[in-house]
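Computation of the quantities below employed the complete heavy-atom set of this structure, encompassing side-chain atoms and omitting hydrogens, waters and symmetry-equivalent molecules. Computed from a prediction, not measured in an experiment: that's the story for all the values here.
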Amino acid sequence: MSADGAELTVTILGCSGSYAAAGGACSGYLVRSADATVWLDAGPGTLGELQRHCSLGDLDAIVLSHAHPDHWLELPVLANALGWYVERSPLAVYANAAVFTTASLLTGEESDSGRRVFEWREVDASSAITIGDQRWAFRPTDHYVPTLASRTEVGGRVLAYTADTGPGWSLSDFGAPITTALCESTFHDRRGNEGVQHLSAGEAGTMAAAADVEQLLLTHLSPGEDPAQHHEAARAEFDGKIAVVERGATYAA
């Protein structure tokens, strides 16, 4: 079981879309099970919240969805911590080639201390990886840069994460079952955002319904958006369990 008593949980380290809302942080999630602790996306501001829930030595891996900085820019700061203060083996980082090209400019293979802190492992849409008791798969989304949605399975429970995507991709691409969908909900209404490769709350609800999801967790809201409006718009399309996530909260998947 995870630290919270469920077979698979996700803790919200940050959930602001594109930039951090006041007092918030960008995208970052802690995916935990009995035998694995994985940091999924490492947006700015998420490192502090992560340490409220686990130590840096407890991390088994990092998974990054894409190269936009609001999803990975805590990595160079983490390199400082691992290079100078935390004794541990190099931490596995799974991401696509575009992320490594960008991230290596700031992190490199070694920290400033000369210690190797990360072990880079490239994944793509064909990859299937195992981290402890977690099985991970990936699919390319509808976004401005190469982006991988992810599916994590433990003991029959499945967490699917859309990362960033427009409506041209669907969770249904992962197939059933999906117990919990962690789905971006950048704006509550598509009107005025035509052509933007992000999801509205209603589109997130439609996607969850089409994939026969049990629980929908809405994240990546743009700063200034009203969570109640997102919940209402998603509810109009999806009749399962819905939550607009909050930083620091943990949800059973």
Side-chain angles (χ1 to χ4, degrees), residues 1-17 20-65 70-95 107 117-119 129-136 150-155 157-163 179-184 215-221 227 241 243-253:
M1 295 293 179
S2 76
D4 294 85
E7 285 188 310
L8 181 64
T9 63
V10 56
T11 298
I12 311 304
L13 308 178
C15 51
S16 292
C26 293
S27 294
Y29 313 94
L30 191 61
V31 180
R32 290 183 292 181
S33 54
D35 297 324
T37 299
V38 178
W39 188 356
L40 172 59
D41 276 354
T46 55
L47 179 58
E49 182 66 35
L50 180 141
Q51 292 172 89
R52 294 183 62 242
H53 303 277
C54 74
S55 73
L56 299 183
D58 289 336
L59 287 172
D60 294 297
I62 295 174
V63 176
L64 302 175
S65 63
D70 59 314
H71 289 257
W72 71 270
L73 205 50
E74 203 76 293
L75 219 59
V77 185
L78 178 63
N80 288 343
L82 300 184
W84 294 99
Y85 299 100
V86 179
E87 291 286 344
R88 58 156 298 148
S89 58
L91 182 58
V93 180
Y94 295 91
T107 59
V117 297
F118 298 127
E119 182 178 302
I129 64 172
T130 299
I131 306 170
D133 56 353
Q134 299 178 11
R135 292 182 291 167
W136 289 70
S150 60
R151 180 187 189 276
T152 311
E153 181 173 2
V154 175
R157 308 299 291 179
V158 175
L159 171 69
Y161 172 49
T162 63
T179 315
T180 295
L182 181 61
C183 190
E184 79 143 292
Q215 175 180 226
L216 174 61
L217 302 179
L218 300 176
T219 188
H220 200 272
L221 276 66
K241 185 177 180 180
V244 181
V245 302
E246 298 180 359
R247 188 183 186 199
T250 295
Y251 301 87

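- Counting only distance, with no hydrogens or angles, the side chain of Asp70 and the backbone of Gly43 share no donor-acceptor pair below 3.5 Å.
- The two residues Ala42 and Leu64 have their closest heavy-atom pair at N-CD2, 3.7 Å.
- With contacts defined as side-chain heavy-atom distances shorter than 4.5 Å, the pair Leu59/Leu30 qualifies.
- Tyr29 has its side chain within reach of Ile12: a pair of non-hydrogen atoms, C-beta onward, lies under 4.5 Å apart.
- Surrounding CZ of Arg88 are more than 12 heavy atoms belonging to other residues, nucleotides or ligands, all under 6.0 Å away.
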Could you walk me through whether Thr179 and Leu8 pass the side chain to side chain contact (heavy atoms under 4.5 Å, CB included) check?
-> CA-CA 10 Å; Thr179 315; Leu8 181 64; over 6 Å; no
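- Taking CG of Leu91 as the reference point, atom CG of Leu75 lies at 8.5 Å (rounded to 0.5 Å).
- Of all heavy-atom pairs between Trp39 and Thr46, the closest is CZ2-OG1, 3.2 Å.
- Under a cut-off of 6.0 angstrom, the local environment of CD in Glu246 is sparse, with at most 12 non-hydrogen atoms contributed by other residues, nucleotides or ligands.
- Considering only heavy atoms from C-beta on, Thr250 comes within 4.5 Å of Arg32 through its side chain.
- Residues Leu40 and Tyr161 meet the side-chain proximity criterion, which asks for heavy atoms closer than 4.5 Å.
- Not counting sequence neighbours, the partners of Thr162 by the side-chain contact (heavy atoms from CB on, under 4.5 Å) test are Thr165, Trp169, Leu171, Cys183, Glu184, Met207.
- The shortest heavy-atom contact between Thr130 and Arg135 is OG1-CG, 4.2 Å.
- Applying the side-chain contact (heavy atoms from CB on, under 4.5 Å) rule to Glu49 yields the partners Leu13, Arg52, His53, Arg247; only residues at least two apart in sequence or on another chain are considered.
- Across Ala253 and Thr180, no two heavy atoms sit closer than the pair O-OG1, 3.1 Å.
- In this structure, Ala25 and Pro44 approach most closely via the heavy-atom pair CB-O, 3.6 Å.
- Taking CG from Asn80 and CD from Glu74, the interatomic distance works out to 10.0 Å, rounded to the nearest 0.5 Å.
- A side chain to side chain contact (heavy atoms under 4.5 Å, CB included) with Leu182 is found for one member of Leu216, Leu217, Thr152, Val31 and no other, namely Leu217.
- With a 4.5 Å cut-off on side-chain heavy atoms, Leu56 and Leu47 count as touching.
- The heavy-atom pair separating Thr11 from Gly248 by the smallest distance is CG2-O, 4.3 Å.
- Asp133 pairs by the side-chain contact (heavy atoms from CB on, under 4.5 Å) definition with Ser33, Ala34, Asp35, Ala36, Val154, not counting sequence neighbours.
- With contacts defined as side-chain heavy-atom distances shorter than 4.5 Å, the pair Ile131/Tyr94 qualifies.
- Residues Leu78 and Ile62 have side chains in contact (heavy-atom distance under 4.5 Å, counting atoms from C-beta outward).
- No side-chain heavy atom of Cys15 sits under 4.5 Å from any side-chain heavy atom of Leu221.
- Between the CG atom of Asp41 and the OG atom of Ser150 there is a distance of 8.0 Å, given to the nearest 0.5 Å.
- Separating the CD atom in Glu7 from the CD atom in Gln134 is a distance of 11.5 Å, to the nearest 0.5 Å.
- Between the NE2 atom in His71 and the NE2 atom in His220 there is a gap of 3.5 Å [rounded to 0.5 Å].
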